[in-house]
Amino acid sequence: MKKLVVIGDGGHSKVVRDIVLAGNEYEWIGTLDDKYASFIEKDERFSGPIHTVDRILERFGSQVYFVIAIGSNRIRKAVAEQLGIYDVKYAVLVHPSAIIGSNVNLLPGTVVMPGAIVNSSASIHTHCIINTNAVVEHDCILYSYVHLSPGAILAGNVTVLEGASIGIGAKMIPSVSAGEWSTVGAGAVVIRDIPPCCTAIGVPASPMKHIKSL
Ligand SMILES: CC(C)(COP(=O)(O)OP(=O)(O)OC[C@H]1O[C@@H](n2cnc3c(N)ncnc32)[C@H](O)[C@@H]1OP(=O)(O)O)[C@@H](O)C(=O)NCCC(=O)NCCS
């Protein structure tokens, strides 16, 4: 099995570790998070602050892969930029109960959670989260650092731009888009394009007066 280091040690990271344990491609060997003051190795697993990534690369070289298991899209991006690791060193993690259609493109760092469905010819860029029971229909494009929350549904040909968060149970009808770093509130139904950095709620979804990222 390939060795995997999980970056981030919060709630989202627990679910990501479960995906690793459920599969047979990666062996979880350690966790990095700045809540750890120093590098500690115990029972063949280690923990340490994020900057100790250099030490891990030195020790395990080409055998080691990483995943940034941080739910906030902005923090996930900031950590990826801080680490500066080549994309090829990031794992794609797919829970065994997820369904991935034909000709789907899943790029490094993306995590697909239990029960999610990604249908034919969808393209999901780096460091996205396809959360529990979310559905990505055919030909959708999700750019980097998107979070599709549990139970969210994207119809065919939807585009979600970088950093956008689609809330729990939200839906987007065919061919609409969510702009960069936009937020679609829980339960919203998107029937028109959502502008960048906008927070939209309701059925049909419309912009809120103030902006707040997930
Ligand atoms: C849309 C959202 C980001 C707004 O958060 P916020 O800016 O903190 O908003 P507030 O809680 O201050 O609510 C502001 C108003 O919007 C309403 N509102 C908030 N979220 C709403 C939603 N999803 N649908 C409808 N109305 C909503 C509130 O009732 C409130 O109305 P009021 O002013 O009449 O009382 C948030 O409510 C939301 O839906 N987040 C999604 C969370 C999620 O799916 N997380 C995934 C984790 S895995």
Side-chain angles (χ1 to χ4, degrees), residues 6-22 31 33 35 67-80 90-95 97-100 106 109-118 122 124-137 140 142-155 158-173 176-214:
V6 175
I7 296 165
D9 198 6
H12 177 63
S13 158
K14 294 179 189 171
V15 189
V16 170
R17 283 196 302 262
D18 278 354
I19 295 175
V20 178
L21 296 172
T31 304
D33 191 300
K35 76 181 186 188
V67 64
I68 306 177
I70 297 174
S72 158
N73 298 344
R74 287 191 188 279
I75 299 175
R76 210 160 58 256
K77 180 173 184 178
V79 168
Y90 287 106
V92 173
L93 298 179
V94 179
H95 191 273
S97 67
I99 297 172
I100 309 295
L106 296 175
T110 280
V111 175
V112 183
M113 303 244 170
I117 301 175
V118 183
I124 303 188
H125 291 206
T126 54
H127 302 291
C128 288
I129 301 167
I130 310 301
N131 221 314
T132 313
N133 284 336
V135 175
V136 179
E137 263 304 337
C140 285
L142 277 60
Y143 287 87
S144 295
Y145 306 107
V146 162
H147 182 180
L148 197 55
S149 298
I153 299 178
L154 307 183
V158 162
T159 304
V160 183
L161 277 296
E162 180 177 312
S165 288
I166 313 300
I168 292 175
K171 300 176 179 72
M172 296 179 71
I173 68 166
V176 294
S177 67
E180 287 183 1
W181 303 99
S182 62
T183 300
V184 173
V189 176
V190 177
I191 63 166
R192 290 183 201 92
D193 294 351
I194 304 295
C197 301
C198 168
T199 299
I201 55 171
V203 181
S206 59
M208 281 177 84
K209 288 190 183 75
H210 69 284
I211 296 166
K212 187 167 180 179
S213 298
L214 293 177

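Counting starts at 1 for both ligands and their atoms, following the listed order.
- The side chain to side chain contact (heavy atoms under 4.5 Å, CB included) test with Arg76 singles out one residue from Thr126, Ile7, Ile68, and that residue is Ile68.
- Using a 4.5 Å heavy-atom threshold, the side chains of Trp181 and Asn73 count as touching.
- With values rounded to the nearest 0.5 angstrom, Arg192 atom CZ is found 13.0 Å from Met172 atom CE.
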Practice prompt. Begin with the C-alpha distance, continue with both residues' side-chain angles, and end with the deciding distance and a verdict on side-chain contact (heavy atoms from CB on, under 4.5 Å) for Ile173 and Ile191.
Written response: CA-CA 6 Å; Ile173 68 166; Ile191 63 166; 3.9 Å; yes
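- Listed by atom number, the atoms of ligand 1 under 4.0 Å from Ser149 heavy atoms are 44 (O), 46 (C).
- Close N/O approach between Met208 and ligand 1 is not found [any backbone or side-chain N/O within under 3.5 Å].
- Side-chain atoms of Ser144 do not come within 3.5 Å of backbone N or O of Glu162 as any donor-acceptor pair.
- With rounding to the nearest 0.5 angstrom, the OH atom of Tyr143 is 11.0 Å from the SG atom of Cys128.
- Heavy atoms of Ala188 found under 4.0 angstrom from ligand 1: none, in either backbone or side chain.
- For ligand 1, the polar-atom distance check against Ala186 finds a nitrogen or oxygen pair separated by under 3.5 Å.
- Between His127 and Tyr145, the ring-plane angle classifies as parallel under the 30° and 60° cut-offs.
- Close contacts between ligand 1 and Gly185 involve ligand atoms 1 (C), 23 (N), 39 (O) [criterion: under 4.0 Å to a heavy atom].
- Ligand 1 has His147 within reach: a non-hydrogen atom of the residue lies less than 4.0 Å from it.
- Distances shorter than 4.0 angstrom do not occur between any heavy atom of Gly187 and any atom of ligand 1.
- Taking a cut-off of under 4.0 Å to the non-hydrogen atoms of Pro150, the atoms of ligand 1 that pass are 48 (S).
- Atom numbering of ligand 1 starts at 1 in the shown order; those under 4.0 Å from a heavy atom of Gly167 are 44 (O).
- Atom numbering of ligand 1 starts at 1 in the shown order; those under 4.0 Å from a heavy atom of Ile168 are 43 (C), 44 (O), 46 (C).
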